**Q** 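Structure below; questions to follow.
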Amino acid sequence: MPATRSKIGLIDGQAGKLCYRGYPIETLAENCSFEEVAHLLLKGALPNASQLSHFIGELRNHRRLKYRITDFLKCLPESGHPMDALVACMSACGMFYPPAMFDNPVDQHWGAAMRIFTKTPTMVAAWHRIRGGDEPVAPRDDLSHAANFLYMLTEREPAALAVKVMDVALTLHAEHGMNASTFAARVTGSTLADPYAVVSAAVATLAGPLHGGANEDVLATLRAIPKGGVRAWAEDQVKNKRKVPGFGHRVYKVKDPRATVLQKLATQVFEQLGSTPIYDVAVELEKAMEDLVGDKGVYPNVDFYSGIVYEKLGVPTDCFTPIFAMARTAGWLAHWLEQLEDNRIFRPSQIYEGNRDQVVQPIEKR
Ligand code: COA
């Protein structure tokens, strides 16, 4: 039974197609910046030049975090996972922007969407700096969404290739239909909860290893494969029915279209920045897996190449899922806005399988 109706993301798992509002993901990745894609998701159409410039202006205006939010991050244990810090920070941020500060619901919703979307990278980068004992790097108004994030994370202006890769990776992760975290966002939004709580619930759902965490597992797996033994390792996994992280998808039964785009980018990155053993292992593993389980429709998914590429750009492994969250914030907020257009609280039914007609016994007889 479908959970809802939506006009945002379309997935065709048999054909390996993903479209945002009717535009194939490949053409968006090739021709549009992540800001244009975010506009498409949030506003429903690709922007013209003046709409884009207005949208970018709005985004850049709201990048900063209040110092009390940064102080709040400083109180969290530095060993905590960045996704937990993001959940906490997102919820706390809502207390600073109560709905009453806006005159009408449309401004209220759009104001919240803008702030959440544009402050998420600042939160992720600030937490990474703070846990390392450094002050957060203030956002820069002259950089794109992707470039500014890499700058805040590393305190260095990123190279053009790094910006391009991050920009495309954000586009590829921005929306994916009724996945678990988007469903969580819609359910929370349907109660008319605060939008920061909506996104916080979605981030918490994405954090689970069955959802957003697979890209971290891919790297651990590739590192653990013995040198020169990729084929034998893959055969052993398949023979023993062990799932190889980064392969297979519940919806796609052909290669995930996002993995195809990312793989092309990975090739460029490794050609320009030099290959690493992990990339060579990945390429060999993909070939071996295609021979072994390709006929079952098991191919690389988006997580297979994303972690490898992020690592090459110098992004710490536990920031991979927060980057996914930064991108998916566009999709979550688009779904939240769509939910509010014609809202009805989610109240699924259940099949009751418990006892009936129980009689309470006095406590000494239980
Ligand atoms: N490695 C090896 N074999 C795999 C596999 C993988 N990653 N994913 C599926 N298969 C095989 C199964 O063993 C099964 O084989 P069988 O028919 O001989 O029993 C067949 O393909 C179907 O698997 P199934 O578990 O029914 O597929 P699913 O659609 O329920 O599972 C996933 C989809 C994503 C949960 C699963 O592929 C997986 O766990 N992948 C690894 C984790 C991952 O990368 N997650 C991120 C997804 S974006």
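For ligands, and for the atoms within them, numbers begin at 1 and follow the listed sequence. For clarity, every value in this text was computed on a predicted model and none was experimentally measured.
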**Q** Is the contact between Met289 and ligand 1 made by the side chain, the backbone, both, or neither, using heavy atoms and a 4.0 Å cut-off?
**A** side chain
**Q** Return the residue, atom name and 0.1 Å-rounded distance of the protein heavy atom closest to atom 45 (N) of ligand 1.
**A** Ala214 CB, 3.7 Å
**Q** Quick one, Tyr305 with Val218, criterion side chain to side chain contact (heavy atoms under 4.5 Å, CB included). Give me CA distance, side-chain angles, the key distance, then yes/no.
**A** CA-CA 9 Å; Tyr305 283 104; Val218 170; over 6 Å; no
**Q** Nearest non-hydrogen atom to atom 43 (C) of ligand 1 belongs to which of Val302, Leu292, Asn240, Asn301?
**A** Asn301
**Q** Using a strict 4.0 Å cut-off to heavy atoms of Val244, name the atoms of ligand 1 that fall inside it.
**A** 1 (N), 2 (C), 6 (C), 7 (N), 41 (C)
**Q** Report the member of Gly248, Pro245, Pro209 with the shortest heavy-atom distance to atom 34 (C) of ligand 1.
**A** Gly248
**Q** How long is the span from the OG atom in Ser181 to the NE2 atom in His211, to the nearest 0.5 Å?
**A** 3.0 Å
**Q** Quick check on contacts: which atoms of ligand 1 are under 4.0 angstrom from a heavy atom of Lys241?
**A** 15 (O), 16 (P), 18 (O), 19 (O)
**Q** My understanding is that we take every heavy atom of each candidate and find the minimum distance to atom 28 (P) of ligand 1. Doing that for Gln237, Arg250, His211, His176, which one comes out nearest?
**A** Arg250
**Q** Taking everything shown except His81 itself, do over 12 heavy atoms lie less than 6.0 Å from its NE2?
**A** yes
**Q** Between Gly246 and ligand 1, is there a nitrogen or oxygen pair with a distance under 3.5 Å?
**A** yes
**Q** Report the residue from Phe183, Trp332, Phe324, Tyr252 that forms a ring-ring contact (aromatic ring centres under 6.0 Å, His included) with His176.
**A** Tyr252
**Q** Could you verify whether a donor N or O on one side chain and an acceptor N or O on the other, from Glu35 and Ser144, lie under 3.5 Å apart?
**A** no
**Q** What is the closest protein heavy atom to atom 11 (C) of ligand 1, and at what distance does it sit?
**A** Val298 CG2, 3.8 Å
**Q** Note the single closest protein heavy atom to atom 3 (N) of ligand 1, along with its residue, its atom name and the distance in Å.
**A** Val293 CG1, 4.3 Å
**Q** Flag the pair Arg115 / Tyr196 as yes when at least one side-chain heavy-atom distance between them is below 4.5 Å, and no otherwise.
**A** yes
**Q** What is the nearest protein non-hydrogen atom to atom 39 (O) of ligand 1, stated with its residue, atom name and distance?
**A** Lys243 CD, 3.6 Å
**Q** Would you check whether Lys253 reaches within less than 4.0 Å of ligand 1, judged by its heavy atoms?
**A** yes
**Q** How long is the straight-line distance from CZ of Phe72 back to CE of Met123, given to the nearest 0.5 Å?
**A** 10.0 Å
**Q** As an exercise, state the distance from CH2 of Trp233 to CG of Leu222, rounded to the nearest 0.5 Å.
**A** 8.0 Å
**Q** Does only the side chain of Asp303 get under 4.0 Å from ligand 1, or the backbone, or both, or neither? Count heavy atoms.
**A** side chain
**Q** Starting from atom 20 (C) of ligand 1, find the nearest protein heavy-atom neighbour and note its residue, name and distance.
**A** Lys296 CD, 4.0 Å
**Q** Does the protein put a heavy atom under 4.0 Å from atom 32 (C) of ligand 1?
**A** no
**Q** At what distance, to the nearest 0.5 angstrom, does CD of Glu36 lie from OG1 of Thr171?
**A** 9.0 Å
**Q** Protein heavy atom under 4.0 angstrom of atom 22 (C) of ligand 1, is there one?
**A** no
**Q** Within a strict 4.5 Å, meaning less than it, do heavy atoms of the Tyr279 and Val309 side chains meet?
**A** no
**Q** Judging by distance only, is a nitrogen or oxygen of Phe247 under 3.5 angstrom from one on ligand 1?
**A** yes
**Q** State whether any protein heavy atom lies less than 4.0 Å from atom 37 (O) of ligand 1.
**A** yes
**Q** So do Phe34 and Met166 actually touch side chain to side chain, heavy atoms under 4.5 Å?
**A** no
